[in-house]
Structure formats: structure tokens, C-alpha cells
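Bear in mind that the values here come from a model prediction, so they are computed numbers and not experimental data. We count ligands from 1, going down the list as the structure has it; atoms in each ligand are counted the same way.
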Amino acid sequence: MEYLNKLESFDKEVFDACNLELQRQQHNIELIASENIVSEGVLFAAGSVLTNKYAEGYPGHRYYGGCQYVDIVENIARERAKKVFGAEYANVQPHSGANANLAAFCAMVKPGDTIMGMDLASGGHLSHGTKFNISGKHFNAVGYSVDPTTSRLDYDNILAIAKECQPRMIVFGASAYPRAIDFKRCREVCDEVGAYMMVDMAHIAGLVAAGCHESPVPYADIVTTTTHKTMRGPRGGLILCKEEYGKQVDKAVFPGTQGGPLMHIIAAKAVMLGEALKPEYKTYQQQIVKNASVLANALIDNGFRLLTGGTDNHLMLMDLRTSGITGQELEKRLDAVHITVNKNAIPRDPQPSSITSGIRIGTPAVTARGFKEDEMLMIAKWIRGVVDDFEGNQERISKEVQELCAKYPIYEH
Ligand SMILES: *Cc1c(COP(=O)(O)O)cnc(C)c1O
């Protein structure tokens, strides 16, 4: 890329590594459900001179001089975020999804309060109360899981647990859950026990923005997200909430849990949110869902099992327990034929988390580069091929994958 090539004259060592990464992205089929390929507009903003600026505080109320232009940028980002999601209030400063969650907890509950979140093993996120994370250390975190037979959320069970532990806040949202979440039902559960409702829509935010998944915004007290997954923006976080919580959310982000905002990344978020307001974005998100559904059906047709039997969103979870291969081994084999996925524990996985019996597959990145239904059918066959006879098929599949990738450049210039 022209833009990357300029780096070469400044630092050859770093350029070489970045260039190798660009080539890897170009020549591999990216099926990691949390990744995407951003527009050049987003790249340019993220690489802009706004990285030079300190801007602690919020537009109009900064602790540094010279913030008049970055104020414009942050206001654009905030206004667009509100417009995209129909939200009353937006904070665009969180450096990441985990930071957005920490700030949301600090805004809504006190250390030692009881919170509920989906177990990591059922598809929840580390930052929803696991013992390895600050959310599980500073709050009394109680987990809920999915139904053991259907692998779906069981709202009656969540309510039963909530009645027992009386949480101040319940967190909904997941990193590996292939089905739609019923936010109206989540609200009812929260209301029955008098808990705040928090939704972390990190994975599905792009779908929500385009109306391809029900929005949590009308129901939840506070909504967090990443901006780099289905949303297709720079790596970062975002918080949406009711107007009444706006001030406490702002305080929880800065000075509560962060210092100076990354203004170049906020500019890139603004560019992405501008894209999200255009009709092409809706078409893109619809194609993500279409591709996921076609790929899920094709995997089933090729004899694989999927948790919950399919998908409503952008991702699916292969249940490999009857396929004679572990998640770790399939990840490794697919890597060897230039297809990137991640192994993923399935609920009550018989294998340790370093091995697993599952693979998580998502369609946001391949859809961004232009893959459609036909390519999904090819991917399903290739996955079948590496499971059945890796030695015999490796060379052929690797070549076919490379040919397909060459037809769909991730960047034009
Ligand atoms: C990815 C993810 C996050 C964390 O985002 P980071 O930017 O990596 O901190 C938080 N919550 C959920 C549900 C996620 O899937």
C-alpha cells in the first residue's frame, strides 16, 4: 500500500514486519469472528496528526489548551454514535471494549456489589466477572450459563439465579454466542429483581447499527461495545446510555479509569460511524448475516455439528466432539492452508481450554473483502477436506485458497 510504503524510508525494520502482516491479511481467509478489515478512511484517520494531541476532559471542558479542533472531531463522533444507535448519550473515549466495561461498572455499581454476567465457558467475555479480571476481583460476580441441551440462553434460569443473588446489575452480551439475544426479555428479568441492565454488544454492534439484530439501546440502562469487530472501525470502545447516566459515565471513563483520550482513534471512530450512516453499510451487514447463514448450512451439509444447530448472527461454533479432531488441531491445519480461525471452548468442553472441542467462525472480515454465498460453499468444503485427509489435500487446498484471495484484494491502492 502506498500509505504503508512511506514508512519504509523511516524505519525499515518496522516497515518490513508491517508489510508481512499486510501480505498475511491479503493472502489468508480471515474467519476470526472478532476481526475485520477497515476502510482506508479509517486507516488514514488512525494514522493522523491527532495522535500528537493531549485532550484530557471532554469537548468544551478540557484540561489542555489548543483543543478546539479535536473538540470538533470528538463532537462529530459523539453525535454520529447517538444517531447510528438512536441513543440519548455517547462516550467515545474508551480505549477498548474491556476499558468500556470497566468504566460502565464504575459508573453504575460500587466495589463489592453483586453483578451477574455470562460465564466465559458459555461464551461470555473475560471482562464480565471472571476471576482473572478486575470485574471479578472488585465486584461480587455471579455467572449464568446456557441451557445444557440447547446451548441457548435460558432467561428463566437467569431470573432464578438473579432472585437468589439479588445483583445490582446484570450484563448481557457475549463473545461466542451464535443466536439472537432477546433484549426485551433481559429487561423483564432486570426489572423483576430491580437490577440495572447492561448490554455489551461488542460482537453484534455492526448488525445492531444496520437493523440486522434487535437493538439493546431502548431497553438497557447502559450499552458498551468495541468499535473494531462487526462495526468495522479502529480498535476501541464506546459507551451509550440514557441521558441521566451521562455525567457519571463520563466521570467513570475520565478521570475514573483512563487518562488522555486517543484523539486519532476517536477521529477514526468518527469516520467509521459516518460509514455506518450510509446505505452501503446496511448492505454490508446484511451480507455478513447471509454469509454466516450460508456457511453454517454448508458446514452442516458437509457433516459437521454446530452448537445450537446454526446461527442468527455473524458467527457459528463448530462442535467437534464427534468429528475426531480437536479445536487446536483443526486451527493448526487450517492455518497451514491459509485459513485463519480460533479454537474455542464449547459449553462443558471435555478438553482443556488450551485444546478445546470447538472452532469459532465468523464472516465479518471475509464479507468486507467481497466474499459472497459461493465463497462460503468453497470454505465449507475446504474445512471438510482438511479434517478428512489433511496430508492428501493440503497442497491443493492451500493453492485454491491463494487463488481466491488473489481475486479479492483487501485494499485497492
Ligand atoms: C471483544 C470483546 C470485548 C473486549 O474488547 P477489547 O477491545 O479486546 O478489550 C468485550 N466484550 C465482549 C463481549 C467482546 O466480545
**Q.** Pairs touching residues 137-146 that satisfy side chain to side chain donor-acceptor pair (under 3.5 Å), sequence neighbours left out
**A.** Thr114-Asn140

(Q) With no hydrogens and no angle check, just 3.5 Å: does a side-chain donor-acceptor pair link Asn133 and Ser127? (A) no

Q: Determine which pairs satisfy salt bridge (Lys or Arg N to Asp or Glu O under 4.0 Å) with at least one residue from residues 188-203, sequence neighbours left out, and list them in order.
A: Lys163-Glu192, Lys184-Glu188, Arg185-Glu188, Arg187-Asp191

Q. Is the gap between the ring centers of His314 and His203 under 6.0 Å?
A. yes

Q: Could you give me the CA-CA distance, side-chain angles and deciding distance for Phe172 and Leu153, then say whether side-chain contact (heavy atoms from CB on, under 4.5 Å) is met?
A: CA-CA 10 Å; Phe172 299 95; Leu153 285 169; 5.6 Å; no

Hey, what polar pairs (N/O, under 3.5 Å) does ligand 1 make with protein?
residue	atom	partner	partner atom	Å
ligand 1	7 (O)	Gly97	N	2.9
ligand 1	9 (O)	Ser96	OG	3.3
ligand 1	9 (O)	Gly97	N	3.3
ligand 1	9 (O)	Ala98	N	2.8
ligand 1	11 (N)	Asp200	OD2	2.5
ligand 1	15 (O)	Ser175	OG	2.7
ligand 1	15 (O)	Lys229	NZ	2.8

**Q.** Pairwise salt bridge (Lys or Arg N to Asp or Glu O under 4.0 Å) hits with a residue in residues 305-323, at least two apart
**A.** Arg179-Asp312, Arg305-Asp319, Asp319-Arg321

